[in-house]
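Residue numbers begin at 1 in each chain, while the letters A, B, ... track the order of the sequences. As the structure is a computational prediction, the values presented were derived from the model and not from experiment.
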Amino acid sequence: MSDHTETPAAAGSGTETRSGARTSRVASYAQRFGILIALVVLCVVLSVANEYFLIGRNIVNVLRQTSINGILAIGMTFVILTRGIDLSVGSVVALAGVTSAAFATTSSIAAVAGGPFPVVVPLLIGLLVGAAAGAVSGLLVARYNVPAFVATLGMLSAARGLTLLFAGGRPIPALTDGYRWIGTGDVLGVPMPVVIFAVVFVASWYVLGSTKFGRRVYAAGGNPHAATVSGINVARIRLSVYVISGLMAGLAGMILAARTGSALPQAGVAYELDAIAAVVIGGTSLAGGVGHVAGTLIGALLIGVVNNGLDLMGVESYYQQVIKGVLIVAAVLLDQTRNQRA
Amino acid sequence: MSDHTETPAAAGSGTETRSGARTSRVASYAQRFGILIALVVLCVVLSVANEYFLIGRNIVNVLRQTSINGILAIGMTFVILTRGIDLSVGSVVALAGVTSAAFATTSSIAAVAGGPFPVVVPLLIGLLVGAAAGAVSGLLVARYNVPAFVATLGMLSAARGLTLLFAGGRPIPALTDGYRWIGTGDVLGVPMPVVIFAVVFVASWYVLGSTKFGRRVYAAGGNPHAATVSGINVARIRLSVYVISGLMAGLAGMILAARTGSALPQAGVAYELDAIAAVVIGGTSLAGGVGHVAGTLIGALLIGVVNNGLDLMGVESYYQQVIKGVLIVAAVLLDQTRNQRA
Amino acid sequence: MRDALLEVSDLKKSFGGVTALSDGRFRLEAGSVHALCGGNGAGKSTFLTIVMGIQQRDGGTIRRNGREVSFGSPAEALENGISIIEQELSPVPAMTVAENIFLGREPLKAFGRIDFARMNDEAQKLLDRLHFDISPRARMMDLSVAKLQLVEIAKALSYDAEVIIMDEPTSALGESEADQLFTAIRRLKEQGKGIIYVSHRLTEIFEIADSYTVFRDGAYVEAGRIADTNKQDLIRMIVGRPLTEEFVKENAPGAETVLSARGIDSRNGVRDVSFDVYKGEILGFYGLMGAGRTEILERLFGLTAHGAGTVTLHGTPFSPRSAAEAIARGVAFVTEDRKESGLVLSATVRNNVCMASHDRLSGGLSMTRGAERRAAERMIDMFGIKTATDTLPVSGLSGGNQQKVVLGKWFLTEPDVLLLDEPTRGVDVGAKREIYRIMSDFASKGGTILMVSSETDEILGMADRVVVMRDGRVSGELSRAEMSAEKLVHLAA
Amino acid sequence: QDDPLKIGAAVYGLNAEFMQLWSEAAENHPAVQSGEVDLTVFDGRYDALVQQEQFETMITQGFDAIVFVPIDVEAGATAVQQAADAGIPVVGSNTRVNSDLLTAYVGSDDVQSGRMEAEAVLEKIGCEGGVVILEGPIGQSAQIQRLEGNMQALEACPDVEVLEQQTANWSRAEAQTLMENWLTAHPEGIDGIIAQNDEMALGAIEAIKAADLDVADFAIAGIDGVTDALVAVQNGEMTSILQDAKGQAQGAIDVAINAAREGGHEPLADLWQQYPDMEWADGAKGEYEVPWTPVTEENVGELLEMRQ
Ligand SMILES: Nc1ncnc2c1ncn2[C@@H]1O[C@H](COP(=O)(O)OP(=O)(O)OP(=O)(O)O)[C@@H](O)[C@H]1O
Ligand SMILES: Nc1ncnc2c1ncn2[C@@H]1O[C@H](COP(=O)(O)OP(=O)(O)OP(=O)(O)O)[C@@H](O)[C@H]1O
Ligand SMILES: [Mg+2]
Ligand SMILES: [Mg+2]
């Protein structure tokens with residue numbers, strides 16, 4: 001008993017809360033202002049520095065380039081809110097990519113017998129594979145108390161191995177047009193990856209902010225003991241968030257395959273780092289219970305804008321790495337000093 | 001000592017402690033038994049499966065192959081005990097490797113003017129660079145409240161960029177014999193990397209278990225607020241652990257360069273994952289305050305043995321990845337179920 | 001005879017080698033308040049958490065309305081009409097009061113959306129009914145311990161459960177809030193509910209309970225009707241031997257001013273507070289919840305930014321910027337919230353006790369193991385801390401014993417000036433007396449004590465002088481001769 | 001002279017030496033030096049999607065031509081398609097891409113290098129004994145093709161047993177560990193080491209030294225001709241097959257300039273003189289094959305000189 005709540009160091013960091021759940025929700029967005037300002041400042045600087053940055057086409061590029069990491073980061077937000085972490089997303093991206101692609105390729109070597117199938121079949125397969133991978137990690141964490149870091153690191157390694165085995169180490173090429181549409185199609189001029197990202201974002205906003213499940217995710221992360229005593233099945237919540245993260249990884253894997261036109265077994269390496277970074281930059285605490293997908297969106301955009309801007313300006317690769325490191329820290333620093341207590 | 005007992009959840013599980021310090025210290029190691037047993041089981045299986053596993057030469061191999069990750073993991077243990085994380089160790093390995101190597105190369109292109117210098121000069125440079133990188137991360141975390149994940153992710157990127165810039169993207173070859181001795185020499189037949197690892201391990205055991213500083217690391221991680229009220233300068237402790245981690249990365253970077261014969265700017269990629277894995281497998285909690293370097297040692301050995309064993313048996317690369325993932329989780333699972341309450 | 005709401009027999013529980021409960025027995029009738037009494041570590045909380053399904057028993061039976069039950073989780077207990085106020089407050093810090101109260105059973109509107117408006121409304125109504133002055137929209141992490149406790153009370157009552165377990169619900173409360181709780185309890189009793197009540201404040205038990213059950217060392221000792229017993233007997237049952245007077249006070253204040261505050265400010269509205277404390281004196285601070293007493297101590301100890309005003313210690317300016325500086329000047333601070341700021345729960349008893357005395361216990365770099373062990377053993381002895389060894393994590397100690405560890409930690413620093421914020425929170429009668437004796441000895445030997453307390457008895461029993469606070473200002477100062485419960489309450493309100 | 005041509009070089013990753021040599025050579029192309037071409041090198045960070053995104057960026061900025069070194073044969077095709085849709089010519093270099101929209105490909109035949117290095121090893125061990133193969137990341141085109149070449153050579157020596165075959169991901173440190181373990185598992189059996197790049201061969205050499213064995217007892221070969229490998233060749237420790245990064249990079253830029261100018265460009269790079277077999281053919285050919293150069297004790301001094 002006596003689970004240690006641990007108000008993280010920032011507890012009560014000068015946030016005046018008076019008038020309510022509503023206000024408190026607004027306040028919680030206000031805490032993102034720091035990082036939002038960082039994003040805006042960065043965008044202003046970039047649009048002054050480079051004539052192409054603000055043109056519609058580049059904005060579409062940035063959004064499209066953010067969408068995969070953004071989708072992963074949203075799934076990751078759920079996991080991190082429960083004090084967990086999912087290192088396996090990059091590998092699951094590849095696993096879902098190749099398994100679904102096998103049902104959607106016109107190449108006779110790689111196809112599953114009878115294929116290619118109409119797009120819904122590979123789509124379901126990809127989601128299913130992602131969810132299954134998430135369920136395995138989730139079970140290990142929720143039911144067998146394996147630390148999330150270890151469980152998902154195991155999955156990172158195992159899923160990558162399975163992917164390579166399944167695909168024989170080679171890409172699965174020649175995907176059907178239906179499948180490719182997920183990555184290259186558009187709706188009223190908005191590219192599909194962006195559309196999917198938007199839908200996922202809105203859905204997660206709704207789920208986390210307005211549903212019972214969302215409250216339980218926050219509670220299970222904020223104080224698992226209190227949640228349990230309040231009759232919440234914390235293990236089930238924990239399991240669910242890994243399934244959600246797996247689903248998102250599955251989705252991202254298919255978008256990736258569809259965008260690149262073939263499913264690569266070595267896709268997605270180290271994607272977990274960017275996804276976690278987006279979440280943490282967005283203000284979600286790795287200690288659980290505190291954070292919001294809106295922050296994650298901004299975090300993901302920030303990373304996307306930095307990558308895009310540095311490429312646009314043709315900054316040399318090595319300098320890029322230095323600058324990127326500095327910028328990410330600077331953005332959070334700006335946020336941090338604003339929110340610091342006293 | 002025996003701060004490091006265990007996960008609060010499993011508090012006092014099955015440990016008969018009556019006769020004081022001695023017993024309790026034994027008990028605290030007993031709690032590592034789960035993972036130690038996993039290691040022993042694995043070793044037994046491997047020595048049955050492969051005739052070469054238990055021969056002296058292979059044991060030396062395993063130890064040597066474990067030493068770099070082991071040294072990193074020991075530094076990481078300090079950081080994780082304070083609730084932090086250091087993602088930058090892989091990059092700092094490379095940075096310290098190339099900067100120190102520049103003082104120890106006989107190649108006229110890469111050398112710092114006046115070089116090569118006697119081995120103590122590059123050695124000090126490497127340690128200094130590591131410590132400096134750690135100090136920057138540490139300052140960001142301790143003084144500016146940047147989440148450790150973000151601060152060290154920034155350092156991961158920046159240090160890699162600096163390394164590549166410094167080395168011009170090329171290896172620094174032709175290191176002096178003195179320098180190479182760090183990686184290839186031996187003391188009474190024990191390879192230097194193993195000797196250094198052993199020294200680092202014993203020193204960290206002493207520091208964490210028996211010094212004021214060690215006590216404070218545990219306190220600062222277990223409950224920073226309570227530690228502060230007890231007169232502990234938590235910020236200073238936090239800063240110190242990142243410096244220690246940086247020093248360890250510096251050391252590891254030099255050993256790596258000395259072993260491979262030239263300092264590669266792309267060395268150490270993703271080393272942080274294995275280092276963190278060793279720490280967590282060894283029972284140190286990412287929530288801080290609980291854990292022990294002895295566990296880290298076992299965790300690092302476990303990873304080393306898995307890699308070595310699979311190579312020895314000639315398991316195919318794809319299967320290796322799957323098996324490795326499963327084994328790591330299985331080892332922790334064995335530990336977990338043993339320690340679980342009720 | 002009607003089936004009891006709850007009947008427990010032969011309940012057993014041990015943690016590894018440590019037996020927490022060997023024979024737990026209890027019978028709760030409808031429409032009654034049943035006090036569960038016992039010293040620190042007697043097994044009360046263990047018993048109650050098992051009933052609630054938070055922990056699993058090793059043996060024994062639990063009957064609910066005559067039917068044997070076995071709760072695998074608190075969810076099942078809640079379904080069976082049992083709710084709990086746990087001893088250790090356990091809020092979800094980033095959530096609002098209303099969200100905490102309705103955790104897991106939020107009111108919904110269309111499409112499964114949570115009806116935040118209704119949730120806040122209902123929380124407001126609930127809090128109003130209980131006369132708790134808390135906004136349902138405030139976030140838990142912004143609340144003081146006392147308010148957290150009120151929220152937990154409101155939450156437990158809101159389940160409309162038939163059996164309500166209250167494990168030291170008033171330990172962080174002042175008397176007026178406790179009175180609000182008692183009003184609510186009486187109402188529940190009339191509705192035929194059963195309440196299990198745990199408190200180390202015996203006056204409360206005689207005020208509210210109908211019957212009692214006493215545990216000692218994990219085993220049932222005796223049960224009966226409150227009407228048939230008295231304080232002396234109850235103490236005898238709890239402690240196992242008779243105790244005479246409750247307060248031990250032998251110190252006499254000297255004339256030398258030790259600490260002197262002039263016009264100090266602090267955050268949360270503490271303004272212009274001045275006082276002097278003398279060598280050998282116990283200065284009490286009394287006030288209602290939120291009067292600003294804690295802030296004054298935090299300010300003195302260097303934990304909050306310094307506002308206006310000056311403080312001198314032994315005649316020299318004293319404005320520490322960190323706890324370390326304060327400790328170096330011989331000041332110690334037993335904080336109010338042991339879980340938040342007092343203890344490292346994952347660390348052992350020994351390491352917690354030694355935490356503020358590292359310099360004293362080390363020879364240069366190395367800690368002196370022997371010295372640490374002896375120090376811990378001395379404090380375990382001095383405060384009667386019940387623990388199998390000093391190398392167990394404090395998270396495995398009972399609440400009252402944890403409090404004693406905090407006291408031990410600060411006495412070990414051998415301070416001149418002791419700042420005590422609710423020092424006997426959750427401590428049993430026997431140990432309380434011990435602590436009062438230690439305080440008295442400390443002052444007699446020339447130590448100085450500043451003691452914040454919400455218990456009038458404690459102030460009246462121990463303080464040489466009392467500063468009464470109201471809304472962040474000093475509303476009066478009374479000498480020992482002038483003190484009375486009425487005057488204290490009058491000045492505080 | 002009008003505005004400089006904007007040419008982008010999208011390479012799969014710059015963290016290792018070979019692509020660094022490649023991009024340095026690209027920057028040193030006479031047309032870039034003279035300002036005729038404004039060259040931007042994009043680091044693909046070993047990720048097919050990142051490369052594709054860099055194509056999007058170049059298209060947005062209206063580049064005149066792109067030189068492409070893809071991370072993957074298949075995944076690069078989409079990027080090429082996008083550029084083609086935008087009317088930007090793409091010239092492949094070093095690594096193939098499975099697309100018929102490529103203006104041309106300037107590179108070397110990996111199958112051939114795989115065969116050459118394996119033959120060098122087999123010759124040294126007299127076509128009998130045991131060999132191990134250190135592979136690149138499985139599935140990458142260089143790994144697939146070099147392995148194909150390895151196998152072609154091995155077919156000619158049926159008495160040679162392949163004892164182990166495993167990826168070390170182009171990495172020296174990984175190869176060193178792998179080799180240490182193999183030396184334990186095959187205490188007497190390993191005679192030859194076929195490493196699909198130099199880094200891995202160098203790792204194997206270090207492992208042999210660490211095991212107190214004599215490097216001279218092993219036949220070791222790698223591919224690429226990175227600087228450390230040249231030194232090792234000079235020391236008689238291994239054989240390497242030089243991949244002409246400079247030739248590939250500069251040749252591709254010439255072809256790209258020609259495509260951007262829609263013909264008529266006079267090639268400026270050295271390689272057109274260096275290799276008599278390479279014919280410029282008005283930049284109109286679909287494939288330019290840059291020959292491999294086995295590094296021998298004779299030419300190694302000169303090659304090292306060029307690296308200074
Ligand atoms: N998780 C645990 N691990 C080990 N021992 C425990 C644990 N929980 C309780 N104990 C032990 O069980 C005994 C009974 O503790 P419990 O908390 O039930 O006492 P209590 O009667 O509630 O005391 P208090 O009045 O101080 O709250 C104590 O000796 C305590 O050390
Ligand atoms: N609104 C608030 N925001 C942050 N912290 C607060 C707030 N109100 C109180 N606290 C903190 O909570 C702790 C207890 O405060 P509170 O004033 O309620 O305590 P109390 O013991 O009931 O009364 P007193 O202040 O008289 O000691 C103090 O540390 C105080 O600083
Ligand atoms: Mg209790
Ligand atoms: Mg107070």
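In terms of heavy-atom pairs under 4.5 angstrom with chain A, the leader among B/I328, B/V326, B/L273 is B/L273. In terms of heavy-atom pairs under 4.5 Å with chain A, the best-connected choice from B/A151, B/A287, B/G169, B/P265 is B/G169. Per-residue heavy-atom pair counts under 4.5 Å with chain B were compared for A/A159, A/A330, A/S317, A/G325, and the maximum is reached by A/G325. Of the listed residues A/A270, A/G154, A/A148, the one with more heavy-atom pairs under 4.5 angstrom with chain B than any other is A/G154.
For B/L87, the part lying near chain A is the side chain, with the backbone staying farther off; criterion is any non-hydrogen pair under 4.5 Å. At a 4.5 Å heavy-atom cutoff, the contact between A/L162 and chain B is made by backbone and side-chain atoms alike. Looking at A/L165, the atoms closer than 4.5 Å to chain B (heavy atoms on both sides) sit in the backbone and in the side chain alike. Of the atoms belonging to B/L164, heavy atoms from both backbone and side chain fall under 4.5 Å from chain A. Contact of B/I276 with chain A is made through backbone and side chain together, with heavy-atom distances under 4.5 Å.
Scanning both residues, B/V329 and A/V150, for their nearest heavy atoms gives CG2-O, 3.8 Å. The two atoms that bring B/Q321 and A/S157 nearest to each other are O-OG, 2.7 Å, heavy atoms only. Smallest separation of non-hydrogen atoms from B/L153 and A/A277: CD2-CB, 3.2 Å. Closest non-hydrogen pair, B/P147 versus A/V280, comes out as CB-CG1, 3.8 Å.
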Show the numbers, then the answer: is there a side chain to side chain contact (heavy atoms under 4.5 Å, CB included) between A/L286 and B/L286? CA-CA 10 Å; A/L286 285 170; B/L286 287 170; over 6 Å; no
